[in-house]
Amino acid sequence: MVLKSLVLPSFYQDSVALMRVAQALRGEKGVREAAALMGTPSNHAILEQAGLARALGREAGPNDLILAVRAESEAAAERALAAARELLSRRRAVSGQGTAPAPRSLDGALRLLPGANLAAISVPGAFARREAMKALRRGLHVFLFSDNVPVEAEADLKREALARGLLCMGPDCGTAYLNGTLLGFANVVPPGRAGIVAASGTGLQAVASRLAALGEGVSQGIGTGGRDLTARVGGAMTLFALEALKTDPGTEAVVLLSKPPDADVLPRLESALGSLGKPAVVCCLGAGPPARGAGLWVETLEDAAGAAAALLQKKPWSPRPFADPKDIRARLARLGRGSGAGPGLLGLYTGGTLAHEAHLLLEPHLGWIPFNEEGGSSPHRIVDLGDDAYTVGKPHPMLDPEARAEWVRRAGRSRDAGVLLLDLVLGKAAHPDPAGALAEAVKEARAEAAKEGRRLVAVASVVGTASDPQGLAGQVARLEAAGAEVLPSNAQACRFAALLLKPGLAEKWLKGAA
Amino acid sequence: MSGNPLSLLEGVRVANVGAELFAESIRAQGGRAAQVDWKPPAGGDRQTAGIIERMSACDEANERAAERLQAARPTWIDVATAKDVIPGMQDRMILHSGPPIAWERMSGPMRGAVVGAILLEGWAKDEREAERLGANGEISFEPCHHHSSVGPMAGVTSPSMPVNVIENQAPPELGGGNRAYCNLNEGLGKVLRYGAYSPEVLDRLRWMREELGPALRATIRAMGGLDIKNLIARAIHMGDEVHNRNLAATATFIRMTMPHLADAVGDGKLVARAARFISGNDHFFLNYGMPSAKASLEAMRGVENCSLVYTMARNGTDFGIRVSGLGERWFTAPAKMPIGLFFPGFRQEDANPDIGDSAIMETLGLGGFVMGAAPAIVQFVGGTPAEALRATNEMYGITWTRSRDYTLPVLEFAGAPMAIDVRKVVETNVLPIINTGIAHRQAGIGQIGAGILRAPEAPFREALLALAEKMGV
């Protein structure tokens with residue numbers, strides 16, 4: 001056993017730093033015991049007690065550092081002392097200011113950002129109520145993306161919000177535009193005159209994007225969540241948002257997107273629309289206009305945007321099945337008669353509201369269409385791939401297009417599918433290139449079908465704008481290059497798909513077009 | 001509706017709870033967003049999370065209690081003999097640290113300190129007889145905390161020991177007027193509080209009783225009181241966290257007291273002995289800091305519905321807390337093992353589980369809670385000042401308020417994270433950081449190192465549920 005020591009004169013180190021050095025030395029190979037201590041009387045006593053005192057070290061005073069090592073060999077002791085010197089001379093990297101851990105609670109975030117005025121909440125539904133309630137009680141507006149929130153919780157939250165004059169957008173709110181800030185999944189549209197109240201994120205996105213294409217923009221886009229107009233929630237946020245748009249100076253026309261309102265809620269909704277003092281367009285997917293309807297009631301998202309733009313631009317407007325019937329005839333001529341095409345339509349959607357709209361538009365023409373579940377006797381099927389049933393343990397298909405691509409490829413091998421009906425949603429927070437994976441899959445599916453002599457037509461529409469990060473034109477071009485028929489809206493894509501399966505519908509929709 | 005909610009939303013600034021892509025999108029638009037590192041509350045226990053949510057009545061109570069804590073003015077006013085001043089102190093009674101404990105369950109250092117105190121008091125002639133007295137019930141053991149007192153490590157305080165008297169000089173309507181007591185610090189190495197009782201330990205204690213105590217009494221009486229809150233605030237600015245580092249506080253204490261000590265005592269030799277003793281111990285101030293924290297926290301005891309912790313203490317076997325709204329009731333769990341740095345000759349395996357009332361410093365929001373202010377000893381938390389700041393920032397998440405008086409220059413003079421809320425601890429599952437000295441697990445050896453640990457979770461959860469039950473939540 002070898003005992004070696006070293007004195008570094010006038011070398012002050014804090015005792016804790018030195019204990020750390022000693023600890024490191026004890027971990028060196030062949031070292032039995034080690035000490036790094038300033039030469040104070042009490043430390044000399046400690047060295048004595050530990051059997052580490054040595055003639056050399058005894059000279060050291062309180063300002064001198066003693067390094068002492070007991071090791072199995074001379075070499076091990078030397079190595080350890082050298083290591084100690086190295087440790088003591090090493091400079092620590094300056095680690096800068098990134099020291100604050102991310103706050104673990106809303107209150108922590110409010111300390112970091114004292115002027116916060118809105119909480120975006122996307123925690124699992126079971127915990128959404130408490131987080132949203134906390135935010136409301138701190139005076140924050142709430143953007144509540146979480147789904148699977150019990151309806152009782154939704155009613156409580158909205159009651160709390162109303163009592164405080166705050167917005168509670170959602171649960172299940174995917175998109176909002178507030179004073180020019182985009183929240184959640186949102187397309188980049190110019191600021192404008194249309195204020196939108198929407199029960200659905202993709203619905204809001206579709207209308208906002210379409211307005212942009214028509215030369216208009218969005219003043220505000222307020223989400224309400226899909227259950228707002230049910231009896232239980234009583235239209236709390238829809239009515240509050242309409243009231244806010246009424247006095248919002250930037251809003252000149254109002255668009256309301258919703259599900260059919262509960263019978264008890266409808267009168268209040270009508271009265272709110274009637275007292276807006278601004279023109280209003282209402283799109284209640286699945287509900288016709290009420291008997292004494294206030295506002296202009298339309299059937300599709302495209303029409304909601306079209307009617308609103310016309311109102312703002314003071315132009316006449318009436319719904320049309322196709323914006324450009326000539327183009328449709330040309331497409332039909334190009335595609336020809338589908339020999340060997342499967343009899344069925346398969347709608348594969350990433351946007352829930354777009355899927356819902358497709359279902360409503362197509363059933364009157366194609367007969368019963370199973371939605372999500374497998375179709376028994378029907379050759380058709382529409383699937384909302386963003387539905388909970390398909391996203392368990394997986395990202396939403398707007399974030400990860402691969403899940404749908406697999407469905408598309410499978411359709412290429414199926415004898416049933418003759419028409420694929422697709423949506424594509426661009427915008428902030430969506431996948432950076434959703435068309436890429438989809439186009440690839442469409443190409444493969446069409447090639448696979450062609451190999452067996454079947455025609456498979458992919459009909460798509462894209463919700464997006466030129467200013468979106470993905471770029472509308474490029475995404476459309478990618479789909480077209482893969483052989484997809486890209487229509488200007490979901491409604492037109494649905495009608496075009498129906499025409500392919502029921503050519504007789506041309507009589508109704510394409511009259512007068514050359 | 002007062003005003004259009006949209007007009008209030010001019011310039012959206014987002015607190016984002018959940019998927020980070022929402023915050024990123026806001027930032028990409030040039031907006032401001034603060035991301036919450038969200039985890040399921042109460043470790044995903046929805047029932048407990050629901051209970052916490054319904055405990056909003058605590059908020060108002062906590063606000064009132066915290067006001068008392070902020071207002072506390074701990075002042076050193078006297079040194080006296082324990083049996084003369086500590087409420088309820090009796091002959092053959094020994095006070096110890098932490099929650100209540102019987103001899104059978106006492107750890108090595110606690111038993112060692114008890115033996116030492118019995119010998120000091122002359123109740124037994126040797127170690128064996130002292131152990132017999134301890135074991136057969138002839139000595140009554142009570143927590144310091146039941147007698148307005150605190151003691152570092154074993155915390156053993158016996159009737160003849162000199163104790164510091166701290167008075168909270170806040171106005172009575174803010175809970176002021178109470179007093180707290182603490183023995184005098186013996187220094188490092190072989191000392192009673194770490195369970196050592198060799199003749200040199202007892203000789204030192206006798207000298208402290210006969211010479212040092214009276215000298216300090218004369219000093220503080222001549223001074224007419226010393227504002228300890230002020231002294232702590234200054235020491236924090238000089239790099240102390242006033243638990244494992246008391247260097248600046250002790251130096252300041254010496255500077256403020258020495259002229260008065262010399263004046264009041266007169267006898268040059270005695271002054272020199274006292275001065276040398278105090279100057280030789282970096283931690284001499286700890287036994288002023290602790291009773292000051294105790295006196296401050298006592299002011300917020302027993303506020304109905306208050307969910308703030310006013311005691312965290314360990315006896316070497318159990319760790320325990322007490323919560324304002326639950327009065328004197330202890331919630332305990334086995335004491336954990338501090339992870340530490342050790343003196344030469346000692347190892348982690350030699351360590352005793354966590355011991356001492358000194359966690360009163362963290363209860364107040366100092367010690368481990370202000371590691372960020374004590375860069376010299378950041379080795380305890382991983383070695384870099386950044387990690388120390390991280391620790392402090394984390395503690396803001398479980399405390400109710402920020403100290404108005406104890407400020408941290410490195411955090412732009414933000415107040416120390418003060419007053420632990422059991423709701424926040426359970427909700428975030430972030431446990432208080434405690435700095436500590438480490439005792440050898442055998443009696444009679446003493447301190448072997450220093451380190452850090454987290455408080456156990458169970459007492460906080462149990463206290464939370466008990467408070468909820470009491471509130472009828």
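Just so it is clear, the structure is predicted and the values come from calculations on it, not from any experiment. Naming convention: chains lettered A, B, ... in sequence-line order (proteins, then strands); numbering from 1 in each chain.
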Donor-acceptor pair, distance only, cut-off 3.5 Å: does the side chain of B:Asn4 make one with the backbone of A:Ala244? yes
Side chain to side chain donor-acceptor pair (under 3.5 Å) pairs, two or more places apart, involving residues 166-176 of chain A: none
Heavy-atom distance under 4.5 Å to chain A: side chain of B:Glu427, backbone, both or neither? side chain
Distance (rounded to the nearest 0.5 Å) between B:Asn393 CG and A:Arg111 CZ: 9.0 Å
How far does CZ of B:Phe22 sit from CD1 of A:Ile121, to the nearest 0.5 angstrom? 11.5 Å
At a 4.5 Å cut-off on heavy atoms, which part of B:Ala23 comes close to chain A: side chain, backbone, both, or neither? neither
Go through the structure and list residues passing side chain to side chain contact (heavy atoms under 4.5 Å, CB included) with A:Ala84, not counting sequence neighbours. A:Val21, A:Leu25, A:Leu67
Nearest-0.5 Å distance, OG1 of residue B:Thr428 to CZ of residue A:Arg104: 6.0 Å
Looking at A:Leu113, A:Asp248, A:Asn43, which has the largest count of heavy-atom pairs under 4.5 Å with chain B? A:Leu113
Residue B:Phe343 versus chain A: region with a heavy atom under 4.5 Å: both
Name the option with the most non-hydrogen atom pairs under 4.5 Å to chain A; the candidates are B:Asp37, B:Ile52, B:Ile26, B:Leu21. B:Asp37
Atom group of A:Leu37 that falls short of 4.5 Å from chain B, counting heavy atoms: side chain
Checking an interface table here. Which of residues 414-422 of chain B come within a heavy-atom distance under 4.5 Å of chain A? none
Rounded at 0.5 Å granularity, tell me how far CZ in A:Arg20 sits from CD1 in B:Ile377. 12.5 Å
Do any N or O atoms from the side chain of A:Ser122 and from the backbone of B:Ala19 form a donor-acceptor pair under 3.5 angstrom? yes
With A:Ala126, which residues qualify under side chain to side chain contact (heavy atoms under 4.5 Å, CB included), at least two apart? B:Arg46
Side chain, backbone, both or neither of B:Arg402 within contact of chain A (heavy atoms, under 4.5 Å): side chain
Structural part of A:Leu106 lying under 4.5 Å from a heavy atom of chain B: both
With no hydrogens and no angle check, is any side-chain donor or acceptor of A:Glu33 less than 3.5 Å from a backbone partner on B:Pro344? no
Quick check for you: to the nearest 0.5 Å, what is the distance between A:Arg129 atom CZ and B:Glu53 atom CD? 5.0 Å
Just so I understand: if I count every heavy-atom pair under 4.5 Å between each of B:Ala49, B:Gly280, B:Gly397, B:Ser25 and chain A, which residue has the most? B:Ala49
Looking only at atom types and distance, does a side-chain atom of B:Arg13 sit under 3.5 Å from a main-chain N or O of A:Asn117, one as donor and one as acceptor? no
Is it the side chain or the backbone of B:Gln35 that comes within 4.5 Å of chain A heavy atoms, both, or neither? backbone
The reported gap from OG in B:Ser56 to NZ in A:Lys134 (rounded to nearest 0.5 angstrom) is 12.5 Å
